[in-house]
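Only a predicted model underlies this, so the values are computations on that prediction, with no experimental measurement involved. Below, chain A is the first sequence line, B the second, and so on; all start at residue 1.
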Amino acid sequence: MLPDLAHAWTVSPREAIAIQERLRPRVIDRDAAGRLETVAGVDVGFERDGRTTRAAVAVLALDGLALVDSAVVRRRTRFPYVPGLLSFREIPAVLAALDRLREPPDLILCDGQGRAHPRRFGLACHLGVILDRPTVGVAKSRLCGTHGAVRNRRGAWAALCDGEEVIGAVLRTRDGVKPLFVSVGHRVSLARAIELTLACTPRYRLPETTRQAHRLASGR
DNA sequence: GCGACAG
DNA sequence: ATCTTGTCGC
């Protein structure tokens, strides 16, 4: 059973920030995972003017990227969208979806930042710490940090920095397309996070995991 | 005070 | 995130 009692997520933005500061030390930003055979992708969407949160999870075999399991759940939305506090809005539904899987996935590719966050505790870190499982943050756009140019080829990347600190990587997953923002979630190093993201993007800009989850969310 | 701001 | 048609390019 997971610690997702509704009241634990009924917090104010101020309390949410305190929780991030308290859990941040638990993040492990080095490779500390066993064999990775399955990868999950999560897609969160909103219905009925945002009153309902929908979470879809797709689990693929890391080798071959074939779909092996999935789940879709709907929960009442309990937290507004506040930049920097995205996990408090999305994680409750994500935990419910993950709980419906036959087995917990070995790795989760999150739709959002990991350490590339103002307080170094984005959604990927939060989910990883709660589950104490490997996670990687793969966002479609930047929350914070600066970076140089990224060569126009798949596999090319530039460090995402906040001052002298490297908080993530801006990674091109396909020739000539907008790069993704990859960062450490939990129990994975940045180098491995980049490798894993590339392993999950054989053809399109977004990871196959995220694409499958999105497809399931739209009912198919 | 003026922007920036994951999904 | 979500509301939405056509359009540019490989």
Side-chain angles (χ1 to χ4, degrees), chain A residues 9 13-14 16-17 19-20 23-24 27 40-58 72-98 108-130 135-147 152-154 160-163 166-186 190 193-194 197 203-207 209-219:
Chain A
W9 294 97
R14 180 175 189 172
I17 289 175
I19 290 172
Q20 294 182 322
L23 297 181
R24 173 176 53 189
V27 173
V42 186
D43 175 79
V44 176
F46 298 88
E47 304 172 347
R48 299 199 320 145
D49 274 314
R51 284 172 295 171
T52 298
T53 300
R54 165 185 25 78
V57 191
V72 181
V73 303
R74 276 165 237 278
R75 292 283 114 109
R76 162 158 237 178
T77 303
R78 307 178 152 280
F79 199 89
Y81 170 67
V82 179
L85 301 180
L86 182 65
S87 61
F88 291 85
R89 178 172 170 80
E90 304 195 341
I91 284 187
V94 171
L95 289 177
L98 290 171
I108 301 173
L109 253 43
C110 302
D111 207 341
Q113 317 291 346
R115 284 194 52 186
H117 175 279
R119 288 172 293 282
R120 308 291 181 269
F121 199 71
L123 187 151
C125 295
H126 200 157
L127 185 62
V129 165
I130 284 177
T135 58
V136 170
V138 182
K140 297 182 288 297
S141 62
R142 187 190 67 92
L143 204 214
C144 64
T146 58
H147 64 87
N152 221 289
R153 289 304 220 175
R154 165 178 157 82
L160 179 62
C161 308
D162 186 347
V166 174
I167 59 177
V170 187
L171 175 69
R172 191 90 62 190
T173 53
R174 215 194 150 171
D175 290 6
V177 299
K178 194 180 175 220
L180 257 30
F181 292 75
V182 177
S183 59
V184 169
H186 187 54
L190 180 57
I194 291 172
T197 300
R203 180 160 181 199
Y204 300 102
R205 177 170 92 115
L206 298 179
T209 42
T210 308
R211 304 184 81 253
Q212 288 293 320
H214 201 288
R215 185 182 59 72
L216 293 165
S218 62

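Atom CZ of A:F181 is separated from atom P of B:dA4 by 15 Å (rounded to the nearest Å). Rounded to whole Å, atom C1' of C:dG9 lies 12 Å from atom CZ of A:R174. A:H147 places its NE2 atom 15 Å from the P atom of B:dA4, with the value rounded to the nearest Å. Rounded to a whole Å, the CG atom of A:L171 is 17 Å from the C1' atom of B:dA6. Protein atom CD1 of A:I17 is 14 Å distant from nucleotide atom C1' of B:dC5, rounded to whole Å. Atom C1' of nucleotide B:dG7 and atom NE2 of A:H126 are separated by 16 Å, given to the nearest angstrom. Rounded to whole angstrom, the span from the CG atom of A:D43 across to the P atom of B:dA6 amounts to 17 Å. Atom C1' of nucleotide C:dA1 and atom CG of A:D49 are separated by 12 Å, given to the nearest angstrom.
At the phosphate of B:dA6, neither OP1 nor OP2 sits under 4.0 Å from any side-chain N or O atom of A:K140. Side-chain nitrogen and oxygen atoms of A:R142 include at least one within less than 4.0 Å of the OP1 or OP2 phosphate oxygen of B:dC5. Considering only side-chain N and O atoms, A:S141 lies under 4.0 angstrom from the phosphate OP1 or OP2 of B:dG7. Put simply, A:R54 has a side-chain N or O that comes within less than 4.0 Å of OP1 or OP2 on C:dT2.
Taking all atoms of both residues into account, the shortest heavy-atom contact from A:R54 to A:F46 is NH2-N, 4.4 Å. A pairwise comparison of heavy atoms in A:S87 and A:H126 identifies OG-ND1, 2.9 Å as the closest pair. Closest approach of A:A58 and A:Q212 over heavy atoms only: CB-CB, 3.6 Å.
Residue A:L85 is in base contact, counting any heavy-atom pair closer than 4.0 Å across all strands shown. Residue contacts shown for A:Y81 include a base, since a base heavy atom lies under 4.0 Å away. A:R48 comes within contact range of no nucleotide atom at all, as no heavy-atom separation falls under 4.0 Å. A:G84 comes within 4.0 angstrom of a nucleotide base, judged by non-hydrogen atoms across all strands.
Contacts between residues 108-124 of chain A and DNA chain B, counted as heavy-atom distances below 4.0 Å, involve A:D111, A:G112, A:Q113, A:H117, A:G122, A:L123.
Annotation: salt bridge (charged side-chain N to carboxylate O under 4.0 Å, His left out) contacts of A:R153 (sequence neighbours excluded): A:D175.
Atom NZ in A:K178 sits 11.0 Å away from atom CZ in A:R172 (nearest 0.5 Å).
Under the 4.0 Å criterion applied to side-chain N and carboxylate O atoms, A:R215 and A:D43 are not assigned as salt-bridge partners.
Classified by interplanar angle (parallel below 30°, tilted 30° to 60°, perpendicular above 60°), the ring pair A:H147/A:F181 is perpendicular.
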